[in-house]
Protein chains: 2
Amino acid sequence: MRTIATRKEVAARAGVSEATVSRVLNDVGPIKEETRQRVLQAAKHFNYAPNAIAQSFARGKSGNLGVVLPYVPGVHLFSTFYFSEMLSGIGAAAKERGYDLLLKFRSLETDNDYELLFQRQKVDACIILGARNTVEERESLVRLQAAKLPFCLIGQHYEELRCNTLDADHVQGSYLAVKYLLDQGHARIAFLNGSPAYSNSQDRLKGYLKALGERGIAFDERLYVEGNYSRTSGYQAAPYILEQQVDAVFAGNDRMAIGFMQKLRELGRGAGQDMAIVGYDNSDAAQFTEPPLTSVAVPFYEMGSLAAAKLLESIDANDEKEIFQEKLSTHLVIR
Amino acid sequence: MRTIATRKEVAARAGVSEATVSRVLNDVGPIKEETRQRVLQAAKHFNYAPNAIAQSFARGKSGNLGVVLPYVPGVHLFSTFYFSEMLSGIGAAAKERGYDLLLKFRSLETDNDYELLFQRQKVDACIILGARNTVEERESLVRLQAAKLPFCLIGQHYEELRCNTLDADHVQGSYLAVKYLLDQGHARIAFLNGSPAYSNSQDRLKGYLKALGERGIAFDERLYVEGNYSRTSGYQAAPYILEQQVDAVFAGNDRMAIGFMQKLRELGRGAGQDMAIVGYDNSDAAQFTEPPLTSVAVPFYEMGSLAAAKLLESIDANDEKEIFQEKLSTHLVIR
DNA sequence: TGAAATAATGTACGCGTGTACATTATGACA
DNA sequence: TGTCATAATGTACACGCGTACATTATTTCA
């Protein structure tokens, strides 16, 4: 393996100083055209490309956008529509601005290590996906915020903590779904929600309550079930929900809705016939079920790309950054 | 924002030289216990963590494993089961070895830029997903191989190029699927394949031919259709395939199978009733369809983790690396 | 108790780049 | 032609770390 060329060799061949090579390549300062050509030719000759690490080192910037992915036991992470779409959006926005994506899989032992990522300066900014509302996480984020490190939460927000946030309007989304069911004439609507450790679960509950409230329907806690956003939990919740004599079910995501429908079918209750079901996320899978699943569409891709865009712009512009807290709207896809 | 502490300040506070701080933190050489404690305490006081970029620079290693993702027009990349699972596996294996994952979205203009990734030394090794069999790609990979840069292809192999490769045995998988259909009594089996630019498409064709050959059935090119692995292409292929009076269809992936089934349903032909369908990938979606889709299970996650493990081990061990070319076996999931 | 071995620490420098500052070449203008 | 502005380039160093080598402290063993 022949050694990789450095600026030094290029400079020698072009008969200029290293600084000039640097200036030509970074297009800084006035350079005589003839010199520029000589340098470029020499660079080409050695197939020279600046060492990214050395550049990062000299510039004090990594050029990386960190993405923290949550640890979800037993789930192959990317498999979930949610993260997949979001990452695609983040990746596109980062690429556009010349940043690379550094993935950080958070596991249990490095749980409250958000700061470390910055201390070690491997990333210039950081997007955190799937944060939960636990004491440790909140504290870690508070420290991050106090240190004015540039980060953004997607899909999670804390009342106590004012920081960059990008989310979908789940209150609205949930409201739309339940209102739709009510409009269809359903009254006893069960809500199969996910863990309240996620603010978006709580938001969905608010939307559910809001829609019911508008119709003067009291909250019946027997109709409220908590799963964990897995298909299995939807499957398992089905028998209980059926016992409650509901005529419709609103699930916090499509996976649970699909699990619910599976159990329904096994029990010989035709899904969609005597019971209306609405899911959430409008994932690919919602189109494939039989019957297709009506679902709340969430702009995951846009959330990712917008979060990355805003975050990167805020660090590239050196002025005092304002905190952004944006909510993208959702809509119901009726099938 | 208070400035981030460096080794210098830690050394000053502990009353030792910078070298000693470095030695304590890297656990190298003999250190007096009392000194070690003083250093650790000083480090803790400043909340010191070594600058990862400076470390990379000094060590000449980035500590990153690059993952090149293909550009697929109009497709949100992570949405596909294939890449999602694989990335999860790669991520797990990399994390285990202390490497971070650097994602590289390949777009058209940087198509043949595999080398650049290494030249710039942002990654120590690289896994390439979804490579295609085009002239430029082959040439780029040949250069990479000639330069002895550590990389690994997943899901693609070239006859002309002997390099690290990890794949599933698609000849076998395809064979299993078609044999299953034959065993079920079907004779006219259409094959809805993906682009031959991917070696795995070609492998699947081999498996199809092998299974037919064993039964003495000649290849009928009217039964061979090429889509592009998208749901839409399966959908669009349906009318033609139906014209051919087939009694079974084997699709190169689940998405196409699902698209095919959709069109089938729209045409009033109950899927699974008068026509058997087998998909490929055993994706989540295969479980949700009605009826559920029999499909060839591919160990994507394991492919990713094994590829990463082998690659990283080969670069961590400094000895001459042997080329590995592994194929994991597939199996049929009957539904 | 002194020499040799070894432990413990310090000194000095390289890694490849960006860039402030110094220097020299070039042109403008009187 | 001399002066001065500006273009063009060179020199020198910092960035934070790892580590080879030098030095000093301590222990071992005769």
Side-chain angles (χ1 to χ4, degrees), chain A residues 3-40 42-43 46-64 98 116 118-124 316 318, chain B residues 3-40 42-43 46-64 98 116 118-124 316 318:
Chain A
T3 173
I4 294 175
T6 71
R7 192 175 66 172
K8 193 173 181 176
E9 306 166 52
V10 175
R13 179 168 234 263
V16 297
S17 71
E18 290 190 50
T20 297
V21 173
S22 195
R23 279 190 279 255
V24 167
L25 296 176
N26 293 334
D27 204 26
V28 60
I31 300 279
K32 202 196 283 179
E33 183 55 26
E34 187 229 324
T35 309
R36 156 177 279 112
Q37 292 307 329
R38 271 216 322 279
V39 169
L40 291 177
F46 289 114
N47 204 4
Y48 169 76
N51 179 321
I53 293 178
Q55 278 185 326
S56 290
F57 184 48
R59 291 185 173 135
K61 300 225 163 193
S62 69
N64 294 330
L116 200 56
F118 286 101
Q119 280 172 23
R120 309 240 314 143
Q121 300 177 70
K122 257 207 150 173
V123 303
D124 300 331
D316 283 347
N318 253 352
Chain B
T3 172
I4 294 175
T6 70
R7 190 175 68 170
K8 192 173 181 176
E9 306 166 50
V10 175
R13 179 168 233 265
V16 296
S17 70
E18 290 190 50
T20 297
V21 174
S22 194
R23 279 190 280 254
V24 167
L25 295 176
N26 293 333
D27 204 26
V28 61
I31 300 280
K32 202 196 284 179
E33 183 56 25
E34 186 229 325
T35 308
R36 157 178 278 114
Q37 292 306 327
R38 273 217 319 282
V39 169
L40 291 177
F46 289 115
N47 203 5
Y48 170 77
N51 180 319
I53 294 179
Q55 277 186 325
S56 290
F57 184 47
R59 290 186 174 133
K61 300 224 164 195
S62 69
N64 294 330
L116 200 54
F118 285 101
Q119 280 172 24
R120 307 215 49 200
Q121 301 178 74
K122 258 207 148 174
V123 302
D124 300 330
D316 283 347
N318 252 353

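Chain letters run A, B, ... following the sequence lines, proteins first, then strands; residues in each count from 1.
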Practice prompt. Let me see the working for B:Arg38 and B:Glu34 under salt bridge (Lys or Arg N to Asp or Glu O under 4.0 Å), right down to the final yes or no.
Written response: CA-CA 6 Å; B:Arg38 273 217 319 282; B:Glu34 186 229 325; 2.7 Å; yes
Practice prompt. Name the residue closer to the 5' end of DNA chain C, choosing between A:Phe57 and B:Arg36 according to the nucleotide with the nearest heavy atom.
Written response: B:Arg36
Worksheet entry | From C:dG16, D:dG16, C:dG10, nucleotide with atom closest to B:Val16 side chain | C:dG10
Item to complete: Let me know the distance between NZ of A:Lys8 and P of C:dC15, rounded to the nearest Å.
Response: 7 Å
Worksheet item: Which nucleotide, D:dA12, C:dT17, C:dG10, lies nearest any side-chain atom of B:Ala19?
Response: C:dG10
Worksheet item: Over how many whole Å does the gap from B:Asn51 atom CG to D:dC17 atom C1' extend?
Response: 8 Å
Discussion item. In whole Å, I'd like the distance from the NZ atom of B:Lys122 to the C1' atom of C:dC15.
Written reply: 18 Å
Discussion item. Between P on D:dC15 and CD1 on B:Ile4, what's the gap in Å once rounded to a whole number?
Written reply: 14 Å
Item to complete: Indicate the atoms forming the closest heavy-atom contact of B:Gln55 with B:Asn26, along with that distance.
Response: NE2-OD1, 4.5 Å
Worksheet item: Does OP1 or OP2 of C:dT11 have a side-chain N or O of B:Ser17 closer than 4.0 Å?
Response: no
Discussion item. Which heavy atom of A:Ser62 sits nearest to which heavy atom of A:Val123, and what is that distance?
Written reply: OG-CA, 3.3 Å
Worksheet item: Does B:Ser22 have a side-chain nitrogen or oxygen under 4.0 Å from the phosphate oxygens OP1 or OP2 of D:dC17?
Response: no
Item to complete: In whole angstrom, give the distance that lies between atom NZ of A:Lys61 and atom P of C:dT19.
Response: 12 Å
Worksheet item: Which heavy atom of B:Tyr48 sits nearest a heavy atom of B:Arg7, and at what distance?
Response: CE1-N, 3.4 Å
Worksheet item: A:Val16 versus A:Val21: any side-chain heavy-atom pair under 4.5 Å?
Response: yes
Worksheet item: C:dG18 base to A:Arg7 side chain: any donor-acceptor pair below 3.5 Å?
Response: yes
Worksheet item: Please give, in whole Å, the distance from C:dA8 P to B:Glu34 CD?
Response: 12 Å
Response to the item:
Smallest heavy-atom separation, B:Val10 atom then B:Val39 atom, equals CG1-O, 4.0 Å
Item to complete: In whole angstrom, give the distance that lies between atom CD1 of B:Ile53 and atom C1' of C:dC15.
Response: 14 Å
Worksheet item: If you look at every strand shown and take non-hydrogen atoms under 4.0 Å, does B:Ser56 touch a base, only sugar-phosphate, or nothing?
Response: nothing
Discussion item. Using OP1 and OP2 only, check whether a side-chain N or O of B:Gln55 sits under 4.0 Å from D:dG16.
Written reply: no
Practice prompt. Ignoring the backbone of B:Thr20, work out which of D:dG16, C:dT17, C:dT9 is nearest its side chain.
Written response: C:dT9
Fill in: Close approaches to DNA chain D from residues 23-33 of chain A, in residue order (heavy atom, under 4.0 Å)
A:Arg23, A:Pro30, A:Ile31, A:Lys32
Fill in: Nearest-angstrom distance from the residue atom CD of B:Glu18 to P of C:dA12
13 Å
Worksheet, complete the sentence: Interatomic distance, CD@A:Glu18 vs CZ@A:Arg23, rounded to 0.5 Å, equals 11.5 Å
